[in-house]
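Bear in mind the structure is a predicted one, so any value in this text is a computation, not a measurement. When reading the values below, keep in mind they use all heavy atoms of this one structure, side chains included, and skip hydrogens, waters and symmetry mates.
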2 protein chains.
Amino acid sequence: MLKIPEKTIQRLIIYRKILNDLRYFGETNLFSTKLAKIAGYSPVQVRSDLMVIGYQGSPARGYDIDNLETSIGSFIDAPKGEGIAIVGVGKLGKSMLEYCYWKCPNLSSIELFDVDSKLIGTEVEGIKIHHIDDIEMILSQGNIRVAIITVPPENAQDVAGRLILAGIKGILNYTPVRLKVPEDVFVEEMDMIVPLEKVSFYARQS
Amino acid sequence: MLKIPEKTIQRLIIYRKILNDLRYFGETNLFSTKLAKIAGYSPVQVRSDLMVIGYQGSPARGYDIDNLETSIGSFIDAPKGEGIAIVGVGKLGKSMLEYCYWKCPNLSSIELFDVDSKLIGTEVEGIKIHHIDDIEMILSQGNIRVAIITVPPENAQDVAGRLILAGIKGILNYTPVRLKVPEDVFVEEMDMIVPLEKVSFYARQS
DNA sequence: TTATCAATGTTATTTATTTAACGTTAAGAT
DNA sequence: ATCTTAACGTTAAATAAATAACATTGATAA
Ligand SMILES: NC(=O)c1ccc[n+]([C@@H]2O[C@H](COP(=O)([O-])OP(=O)(O)OC[C@H]3O[C@@H](n4cnc5c(N)ncnc54)[C@H](O)[C@@H]3O)[C@@H](O)[C@H]2O)c1
Ligand SMILES: NC(=O)c1ccc[n+]([C@@H]2O[C@H](COP(=O)([O-])OP(=O)(O)OC[C@H]3O[C@@H](n4cnc5c(N)ncnc54)[C@H](O)[C@@H]3O)[C@@H](O)[C@H]2O)c1
C-alpha cells in the first residue's frame, strides 16, 4: 500500500470538519478556493489532497459538500466507529472525556481506567471507571486500538507498556514524558510545553 | 534573517527538556547518538539541528549537557522570560493554568481573563482573574505576547480579535474553531479531535 | 451547435527537509 | 611521537512536500 503523508491526513480531517460546519449552515457545494481559504491552505493543496482519496469534483459546480464529507469519512474513519480508552481520570482526563463524549463524531465506545480506589466503580457521563489491572481483560473483548494517557508523568511509561500489551496501536500522550514504544505504535504528543515555547519563540520573531 | 524551520525549533525544545532530565540524574555529557535515541530521531538530525544554533561539541566527549542546555535556552527563550495570558478560566483553562504554573520553566508572569462575574476578582494559584474588557489595558503594561484560548467555541474568534488588538502575537488555541488572524500572528492548534482521528487512522493501518 | 471560461485533475518544477558521505578533530593506545 | 578510532561539523545527495503549469471538463450563452 502506498504511504500517505501525515500532513495530508491531518488536512483531510480539517476539511471534513469544515464541510460539516458548512453543511450545518445549509451550503450544498463549494470550490477548492473557498475550502482553502477557510482551512488556511492553497487551492492546489486542497485539490491534490483530494486526489489522494480519489474524489472527483465538477469544474462547474466544484465539490458536493455532502458527498465529499462522506468520502473523507469513509477514507479516514474506522468503518464500525472507533473505541478509545482513557487512562487516568483526574482533572485533565475528565475534561478530555467530556469533550470526546460530546464532540467526537465517530466514537463508538469509551472505556475509563484509573488506580484510585475512590474512583473505581464510580461513573462519569454514565461510564464506569475500571481498575487499570483489568485493562487487558476489558480491551481484549472490544476492538479498541486507541488510548489517551492522562496519568502523572511517573506512571506514564508503565501505563503505555500495559496499553501496548492490551493491543493498543495509537496513543495520545498528554504527559511530558517521551514514551518508548514499538515501531508499529503511533504516538501523538499532546503536551503543551513544546507548543507553548514554540509559539513564544515565533511570537518574538514577528 | 535566515528562516529556521519549525520542526527544528520543536526538536531543539525537546532536546532541551531531555538534557534537563539527564542533568537532574547527574549526567554531565552525552553523544548525539544517545540524545537521538531518547528523542526518537537520527544522530545526524541532532547534529544538524545543533549546527543551527552554532553549538560546538567535542569528538571525544560529545556535548556538555549543562552548556548545551543553556545554549538552546538562550536561543529559544525570551531573554527576560515570557508572560502569557489565559482567556477562559473554566475547567480546561484552570487545568492548563496549574500545569503552566508548576511546569513551565521560563514563565515570568500569567494573566487570567474571563467574563463570568462570579469568577472576576477571585484567585487561582494566587493569580487574580480579570474581566476580558480590561485586557487591552492590562496587556499594554507588560510585555505579554502569548495567549492561551480556552473559551467556548462561539466566543473564540471574538476573543482572538481582542487579543490581537492587545498586541498578542502567538496563540495556543484549544477550541475546535479555525481562527482568522493576520499573517504575523502565530497560531498553534491544540484541539484533540484532529490528532485523535489521525491516531485512529494510523492505528488501524498497522 | 459551438465557442467561452472558470474550475477541475494531473504532471512537472521548485522548495524544504532528511539522510548519507566524508573530511576533521582530539583522546587514548602503541 | 605518531597511529588509530569514534564522534563531530559540513557539504552533497536523496527524499518528501508544496507549488506552479497546463491540459481537461462541462455548464452557459452567443
Ligand atoms: N498536556 C497538557 O497540556 C497537560 C495539562 C495538564 C496536565 N498534564 C499532564 O496530564 C497528567 C494528568 O494531569 P491531571 O492534572 O489530570 O492529574 P490528576 O492527578 O488530577 O489525575 C491523574 C489521575 O491518574 C490516576 N493514576 C495514577 N496512576 C495511574 C495508573 N498507573 N494507572 C491509571 N491511573 C493512574 C490518578 O489516580 C488520577 O486520577 C499529568 O501527567 C500532567 O503532567 C498535561
Ligand atoms: N483541546 C481539547 O482537547 C479540549 C478539551 C476540552 C475542551 N476544549 C474546548 O475548550 C474550551 C473550554 O472548555 P471548558 O470545558 O473549559 O469550558 P468551560 O465552560 O468550563 O469554560 C469556559 C470559560 O470561558 C469563559 N468565557 C466565555 N466567554 C468568554 C469570553 N468572551 N471571554 C473570556 N472568557 C469567556 C466562561 O465564563 C468559562 O469560565 C471549549 O471551546 C471546548 O470546546 C478543548
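For the segment residues 26-41 of chain A, no residue has any heavy atom less than 4.0 angstrom from an atom of DNA chain D.
Under the 4.0 Å criterion applied to side-chain N and carboxylate O atoms, B:Lys198 and A:Glu188 are assigned as salt-bridge partners.
Classified by interplanar angle (parallel below 30°, tilted 30° to 60°, perpendicular above 60°), the ring pair A:Tyr41/A:Tyr15 is perpendicular.
Of the residues near DNA chain D, A:Ser42 and B:Leu50, the one whose nearest nucleotide (by heavy atom distance) lies more toward the 5' end is B:Leu50.
Counting 5' to 3', DNA chain C first comes under 4.0 angstrom of a heavy atom of chain B and last does so at the ends given by C:dT17 to C:dA27.
B:Thr175 is linked by a side-chain contact (heavy atoms from CB on, under 4.5 Å) to B:Ile149, B:Ala156, B:Asn173, B:Val177, counting only residues two or more places apart in sequence or in another chain.
Counting only distance, with no hydrogens or angles, the side chain of A:Glu197 and the backbone of B:Ile76 share no donor-acceptor pair below 3.5 Å. Listed for the A:Ser206 side chain is a donor-acceptor partner under 3.5 Å among the backbone atoms of B:Asp184. Distance alone, capped at 3.5 Å, is enough to place a donor-acceptor pair between the B:Ser108 side chain and the B:Glu82 backbone. Not a single donor-acceptor pair under 3.5 Å links the side chain of A:Asp134 to the backbone N or O of A:Met137. With hydrogens and angles ignored, the 3.5 Å screen pairs a side-chain donor or acceptor of A:Arg178 with a backbone N or O of B:Ala39.
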Write down the protein N/O and nucleotide N/O pairs, taken from nucleotides 21-28 of chain D, whose separation is under 3.5 Å; answer none if there are no such pairs.
from: D:dA27; atom 1: OP1; to: A:Arg61; atom 2: NH2; distance (Å): 3.1

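Pairs engaging residues 85-113 of chain B under the ring-ring contact (aromatic ring centres under 6.0 Å, His included) rule: B:Phe113-B:His130 [sequence neighbours left out]. For residues 93-103 of chain A, the salt bridge (charged side-chain N to carboxylate O under 4.0 Å, His left out) pairs, not counting sequence neighbours, are A:Glu98-B:Lys91.
Residue A:Gln45 contributes atom CD, which lies 9 Å from atom C1' of D:dT19 at whole-angstrom precision.
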